There are 2 protein chains.
Amino acid sequence: MATIKDVAEKAGVTVTTVSRVLNNRGYISDATRNKVRLAMEELQYQPNEIARSLMRKRSMMLGLIVPTIAHPFFGQWAYSLETHASARGYKILLCNSRLDEAKEKDYIDMLKSNRVDGIIMGSHTIDVREYIHLGKPIVTFDRRIEAIPCVSSDNYQGGVLAAEHLAAKGCRSIAHICGNLKLDMLGNRRTEGFVDSLRKYGLEPIVVQLGADAFDPAEHEQVVGSLLSEHPEVDGLFVSSDMIAYQVMKVCAAKGIRIPEQLQLIGYDDIPISEWITPGLTTIKQPIEEMSRLAFNIIEKLIEGEGAELPLEHVLPVRLIERQTTRQPGLLG
Amino acid sequence: MATIKDVAEKAGVTVTTVSRVLNNRGYISDATRNKVRLAMEELQYQPNEIARSLMRKRSMMLGLIVPTIAHPFFGQWAYSLETHASARGYKILLCNSRLDEAKEKDYIDMLKSNRVDGIIMGSHTIDVREYIHLGKPIVTFDRRIEAIPCVSSDNYQGGVLAAEHLAAKGCRSIAHICGNLKLDMLGNRRTEGFVDSLRKYGLEPIVVQLGADAFDPAEHEQVVGSLLSEHPEVDGLFVSSDMIAYQVMKVCAAKGIRIPEQLQLIGYDDIPISEWITPGLTTIKQPIEEMSRLAFNIIEKLIEGEGAELPLEHVLPVRLIERQTTRQPGLLG
DNA sequence: ATGAAAGCGCTAACAG
DNA sequence: CTGTTAGCGCTTTCAT
């Protein structure tokens with residue numbers, strides 16, 4: 001590939017001059033500017049961003065760590081994030097941590113070595129907590145770590161909404177399936193909100209945690225299966241993601257449990273499909289677009305050194321989307 | 001951040017020596033090696049990969065261009081790809097082209113400027129075809145461009161399988177919804193295979209194309225809606241992605257069309273949810289894992305300069321997964 | 001076994 | 001308005 005030097009020689013000027021027209025800095029006569037432009041054209045010159053990054057100490061790269069981009073929620077989130085980032089000239093380095101401590105650490109090291117300007121973490125395990133003392137802008141999603149800014153949706157409120165909805169729909173025997181509560185994610189507050197709220201109604205839900213491998217469908221199915229077998233009396237179920245809700249549907253279909261007549265179901269996230277399938281999934285909608293925009297804005301501010309006055313917690317509202325996996329008003333018993 | 005120079009000073013050696021222990025090259029006494037190691041520890045030194053890339057002319061970065069990572073198929077694909085890449089020390093730069101010509105070009109320029117070692121294109125528009133004369137390793141997914149290696153699944157066969165299945169299930173009035181055929185993607189062969197095959201049965205399907213904005217749910221819904229309104233006789237429908245199949249389900253639910261009794265439906269991709277929902281979606285499964293591994297292997301070979309003997313087309317088999325949106329054997333009329 | 005020096009491609013004073 | 005020079009952090013001959 002042509003370098004700035006090649007362009008300079010072809011145009012009969014020095015590299016400084018070429019650099020000037022490249023960056024629109026300082027005075028250049030139209031004549032030389034045109035000569036340089038022409039040389040660039042002819043050589044199909046493309047400035048080497050690696051060299052620029054080295055010089056400027058600014059890579060315009062952001063590290064994005066998610067548990068897995070294959071999960072629809074993180075896919076949408078990453079999409080929005082990348083859209084905002086690229087609109088501002090930032091590129092995204094994609095990392096799938098699989099919620100694995102060692103991998104997370106390796107990715108963080110990798111991102112530091114590659115001198116990304118900032119890191120957006122949608123994933124962190126227990127161990128990574130004390131590990132993040134990189135004097136580098138970070139923002140987390142749904143994970144509070146010390147003095148690191150965090151954007152999340154109102155998980156507690158999401159749990160409350162689900163609880164109130166099931167209670168209002170007449171459920172008496174309620175269960176809840178959530179991710180591993182040991183992972184210390186704000187998502188756990190969904191469970192807290194749900195349980196706290198139900199207790200106000202004098203109800204005590206059965207709570208089941210999924211294993212450490214948070215994205216193993218087979219394990220999920222097994223957990224759902226034994227819950228419904230051991231507790232056939234359950235008539236209301238709140239799960240912590242739409243994906244799990246679908247697995248509940250599968251198990252129910254196999255067991256002949258009708259939704260919502262015998263079991264009312266509420267998911268979390270509101271991924272696009274939830275609106276399309278039959279019965280439509282009642283779920284708690286997270287404001288993905290706002291969350292990703294906010295996360296980007298924060299990291300950009302941090303990079304620009306304007307992070308001082310930013311609050312650490314950014315909690316965005318959620319809302320319950322009522323569809324057909326919970327009973328319709330007319331059918332209320 | 002500490003530089004190699006800081007380490008050298010702290011250890012009382014020159015940068016050359018530090019570089020040596022960093023790269024395990026040449027002779028170093030154990031004594032100095034340890035001194036250097038210690039200094040690195042104390043300074044929390046992390047080699048600057050940007051400087052290394054500049055020097056080595058090798059960034060260990062791969063550009064990944066997809067229409068949108070928010071689509072479950074590309075999400076899964078990108079996940080697998082990143083898994084293979086990171087296992088071999090490569091990083092992934094994520095680009096969402098939105099199937100927009102201008103954006104694609106910009107991304108390609110960006111990737112060239114950033115000196116990625118190779119590009120994996122899961123997206124290309126008409127215009128980008130002649131644009132790709134970057135003397136850089138590329139592999140495409142589902143898109144044949146001149147002398148560029150391409151991995152795809154057997155799209156034509158996918159169409160054939162769908163046609164045979166619908167015909168065997170007794171459908172007489174068949175329709176097909178596909179992406180924009182102008183986009184010259186191998187995915188179009190699904191339509192060809194489908195139509196060719198049906199004609200052998202003396203059937204002529206109605207073919208409806210989606211608009212240019214391939215991922216606009218509202219538009220999809222509208223297209224599906226008018227197809228089913230204008231052709232109430234349709235009893236078999238093959239759509240080119242599971243996501244569209246779900247929208248068909250929504251429209252059918254609204255119109256009171258029962259699946260599979262009145263309308264049999266086949267999707268494409270076999271995203272995870274398709275197995276869980278009720279009725280389970282009959283669909284054509286693409287071997288995502290193999291396709292991503294192959295794509296990575298090819299790009300790696302290309303980067304290593306061993307691409308000469310590689311064939312240009314890599315077509316992997318698909319298979320039909322029969323579920324409940326097509327009639328069960330026992331119910332055959 | 002270690003060091004000195006040049007250079008990767010680019011930017012940024014400082015001259016003139 | 002343009003050129004000279006130094007340097008970003010690292011690797012790599014070539015000496016010693």
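Throughout, a chain's letter reflects where its sequence line sits, starting with A, and its residues are numbered from 1. None of these values were measured; they are calculated from a predicted model.
Among dA5(C), dT11(D), dC8(D), the nucleotide with an atom closest to any side-chain atom of M55(A) is dC8(D). Of the candidate nucleotides dT2(C), dC10(D), dG9(C), dG9(C) has the atom lying nearest to any side-chain atom of L54(A). Residue K57(A) has its side chain nearest to dC8(D) when only dC8(D), dC1(D), dT4(D) are considered. Ranking dT12(D), dT11(C), dT11(D) by closeness to the R25(B) side chain, first place goes to dT12(D). The S19(A) side chain lies nearest to dT11(C) when the options are dT5(D), dT11(C), dG9(C). If you check dC10(C), dG3(C), dG3(D) against the side chain of P47(A), the one that comes closest is dC10(C). Set against dG3(C), dT2(C), dT11(D), the side chain of S29(B) has dT2(C) as its closest nucleotide. In the set dT11(D), dT11(C), dA12(C), dT11(D) carries the atom at the smallest distance from any side-chain atom of I4(B). Looking at the side chain of N23(B), the nearest of the listed nucleotides dC10(C), dT2(D), dT11(D) is dT11(D).
Counted by atom type alone, Q76(A) and H71(A) present zero donor-acceptor pairs between their side chains at under 3.5 Å.
Nucleic acid contact class of V13(A) (heavy atoms, under 4.0 Å, all strands): sugar-phosphate only. Within 4.0 Å (heavy atoms only), T3(A) reaches sugar-phosphate atoms of the nucleic acid but no base atom. In this structure, I28(A) reaches the sugar-phosphate backbone alone: every heavy-atom distance under 4.0 Å involves primed, P, OP1 or OP2 atoms, never a base. In this structure, T32(B) reaches the sugar-phosphate backbone alone: every heavy-atom distance under 4.0 Å involves primed, P, OP1 or OP2 atoms, never a base. Among the heavy atoms of the strands, none lies under 4.0 Å from I50(A).
Here dG3(D) presents its C1' atom at 15 Å from CD of E9(A), a figure rounded to the nearest Å. If you take CZ of R33(A) and P of dC1(D), they are 10 Å apart, rounded to a whole angstrom. Atom-to-atom, CG of D30(B) to C1' of dT2(C) comes out at 15 Å; the value is rounded to the nearest Å. Atom P of nucleotide dT2(C) and atom NZ of K35(B) are separated by 7 Å, given to the nearest angstrom. Rounding to whole angstrom units, CG of residue L22(B) and P of dC10(D) are separated by 8 Å. The separation between R52(B) atom CZ and dC8(D) atom C1' is 16 Å, rounded to whole Å. Atom NZ in K5(A) sits about 14 Å away from atom P in dA6(C), given to the nearest Å.
A close approach under 4.0 Å does not occur between any side-chain nitrogen or oxygen of R56(A) and OP1 or OP2 of dC8(D). Checking the phosphate oxygens (OP1, OP2) of dC10(D), a side-chain nitrogen or oxygen of Y45(B) falls inside 4.0 Å.
Comparing N48(B) and R20(B) against DNA chain D, the residue whose closest nucleotide sits nearer the 5' end is N48(B). Where G26(B) and E49(A) meet DNA chain C, the nucleotide closest to each residue was compared, and G26(B) sits on the side nearer the 5' end.
The distance between the ring centers of Y79(A) and F74(B) does not fall below 6.0 angstrom.
The side-chain heavy atoms of I119(B) and I65(B), taken from C-beta on, include a pair separated by under 4.5 Å. Side chains of R52(B) and P47(B) form a contact here, defined as non-hydrogen atoms less than 4.5 Å apart. Between E290(B) and R293(B) the shortest side-chain heavy-atom distance falls below 4.5 Å. Within the 4.5 Å cutoff, the side chain of N114(A) has no heavy atoms near those of the M61(A) side chain.
The base of dA4(C) is paired with the side chain of T16(B) by a donor and an acceptor separated by under 3.5 Å.
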